[in-house]
Amino acid sequence: MAPTPLPLPARLDTGLTRALLVLLRWSLLGSLWLFGLLLLAVQPIGIAPYSEGVSEISLLEAGFCLLMLLLLWRHIRYCRHFKTGFWHGLNRMLISQGAMFAFTLLVIGLLTSALVHTDYIQPFLLSLRQYSPVSECLYDASILLALYLAAPTAGTKLRPHNVESTVGGSAAPADSDVRGATEEASR
């Protein structure tokens, strides 16, 4: 028995819902992508803020640069191994960096809101504005962690989207059904 088709207002409503969800998803991914791009673009300024060259780079920053180069090499190697492609690999890296940046902003906002009615808010805000080796290590570690997690793995290959059923139409066969029918027809 065929399902009854939806009335026109319901179809318009579901179409509007799908369009808004697609718009929301693209705006979320776009903002994460821009956060990641901003973070990686500002990174050299944070390492050498006075433009005096190698003389102002500390041992901690030199180690960070070395680890970042190694993780970038790992990311490129895995992208080649899993045939991810340049743009998809760049997309993964920027979204991962953007997600880590958004998570950091969320944690700072939650801590600020938790401390706003206590006596610890002024020292906390002062520590955010001043340089400290601990905050620099946490900042660099979050960038390195995001870069480590951005590398493709065996389970991240793109797979075709299978549509099991539609709202008002017939169900589309899954890939396994098509393969099984093809194997039976060749026997």
Side-chain angles (χ1 to χ4, degrees), residues 1-46 68 71-116 128 138-183:
M1 184 168 158
T4 59
L6 287 174
L8 182 62
R11 284 187 290 185
L12 290 175
D13 181 43
T14 58
L16 179 65
T17 302
R18 284 183 187 167
L20 289 175
L21 285 174
V22 166
L23 182 67
L24 182 65
R25 180 169 188 229
W26 278 99
S27 64
L28 175 69
L29 289 176
S31 63
L32 287 178
W33 204 84
L34 287 175
F35 276 159
L37 188 63
L38 174 73
L39 186 71
L40 291 180
V42 171
Q43 188 62 35
I45 297 169
M68 188 169 179
L71 286 174
L72 280 172
W73 173 79
R74 174 185 175 266
H75 182 80
I76 292 169
R77 184 168 180 243
Y78 283 1
C79 285
R80 286 183 182 163
H81 177 74
F82 292 115
K83 296 175 180 55
T84 303
F86 174 76
W87 292 110
H88 187 65
L90 181 67
N91 185 38
R92 288 179 61 89
M93 185 174 61
L94 290 178
I95 287 178
S96 177
Q97 292 293 331
M100 186 61 75
F101 183 69
F103 177 73
T104 304
L105 289 178
L106 176 72
V107 168
I108 289 172
L110 289 175
L111 283 174
T112 303
S113 67
L115 295 174
V116 77
L128 286 177
L138 288 174
Y139 174 72
D140 291 345
S142 68
I143 290 175
L144 294 175
L145 178 65
L147 191 56
Y148 178 79
L149 295 175
T153 59
T156 59
K157 288 189 175 182
L158 297 177
R159 296 186 183 111
H161 180 67
N162 293 334
V163 178
E164 294 298 327
S165 65
T166 59
V167 174
S170 62
D175 273 346
S176 60
D177 297 339
V178 173
R179 272 188 251 121
T182 308
E183 291 173 1

Drop me the distance from [X]'s [atom1] to [Y]'s [atom2], to the nearest 0.5 angstrom.
{"X": "Leu90", "Y": "Thr84", "atom1": "CG", "atom2": "OG1", "result": "12.0 Å"}
{"X": "Leu115", "Y": "Leu110", "atom1": "CG", "atom2": "CG", "result": "10.5 Å"}
{"X": "Leu147", "Y": "Ser142", "atom1": "CG", "atom2": "OG", "result": "11.0 Å"}
{"X": "Leu16", "Y": "Leu23", "atom1": "CG", "atom2": "CG", "result": "10.5 Å"}
{"X": "Asp13", "Y": "Arg18", "atom1": "CG", "atom2": "CZ", "result": "11.0 Å"}
{"X": "Ile143", "Y": "Ser96", "atom1": "CD1", "atom2": "OG", "result": "11.0 Å"}

Could you pull out the closest heavy-atom pair between [X] and [Y], with the gap in Å?
{"X": "Leu37", "Y": "Leu94", "result": "N-CD2, 3.7 Å"}
{"X": "Ala150", "Y": "His75", "result": "O-CE1, 3.3 Å"}
{"X": "Ala146", "Y": "Gln97", "result": "CB-NE2, 3.6 Å"}
{"X": "Met100", "Y": "Leu145", "result": "CE-CD2, 3.7 Å"}
{"X": "Tyr78", "Y": "Ala151", "result": "CD2-CB, 3.8 Å"}

Original post:
Between Met93 and Leu72, is a side-chain contact (heavy atoms from CB on, under 4.5 Å) present by the stated rule, with each step listed?
Top reply: CA-CA 9 Å; Met93 185 174 61; Leu72 280 172; 3.6 Å; yes
Subject >> Arg74 atom CZ: more than 12 heavy-atom contacts under 6.0 Å >> reply: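 Yes, enclosed.
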Subject >> Enclosure of Arg80 CZ (heavy-atom neighbours >12, cutoff 6.0 Å) >> reply: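 For Arg80, atom CZ is not crowded (no more than 12 foreign heavy atoms under 6.0 Å).
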Subject >> Side-chain heavy-atom pair Thr112, Val116 within 4.5 angstrom cut-off >> reply: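 Sidechains of Val116 and Thr112: no contact.
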Original post:
Can you check whether Leu34 reaches Leu38 side chain to side chain, under 4.5 Å on heavy atoms?
Top reply: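 A side-chain contact under 4.5 Å is absent here.
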Subject >> Counterpart residues, ring pair (Phe, Tyr, Trp, His ring centres under 6.0 Å), relative to Phe35 (two or more places apart) >> reply: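 With neighbours one apart ignored, the set is Phe101.
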Subject >> Criterion side-chain contact (heavy atoms from CB on, under 4.5 Å) on Leu12 and Leu8, from CA distance to verdict >> reply: CA-CA 6 Å; Leu12 290 175; Leu8 182 62; 4.2 Å; yes
Original post:
Step by step, would you call Met68 with Leu40 a side-chain contact (heavy atoms from CB on, under 4.5 Å)?
Top reply: CA-CA 11 Å; Met68 188 169 179; Leu40 291 180; 3.8 Å; yes
Original post:
Passes side-chain contact (heavy atoms from CB on, under 4.5 Å), Asp140 versus Gln43? Steps please.
Top reply: CA-CA 10 Å; Asp140 291 345; Gln43 188 62 35; 4.1 Å; yes
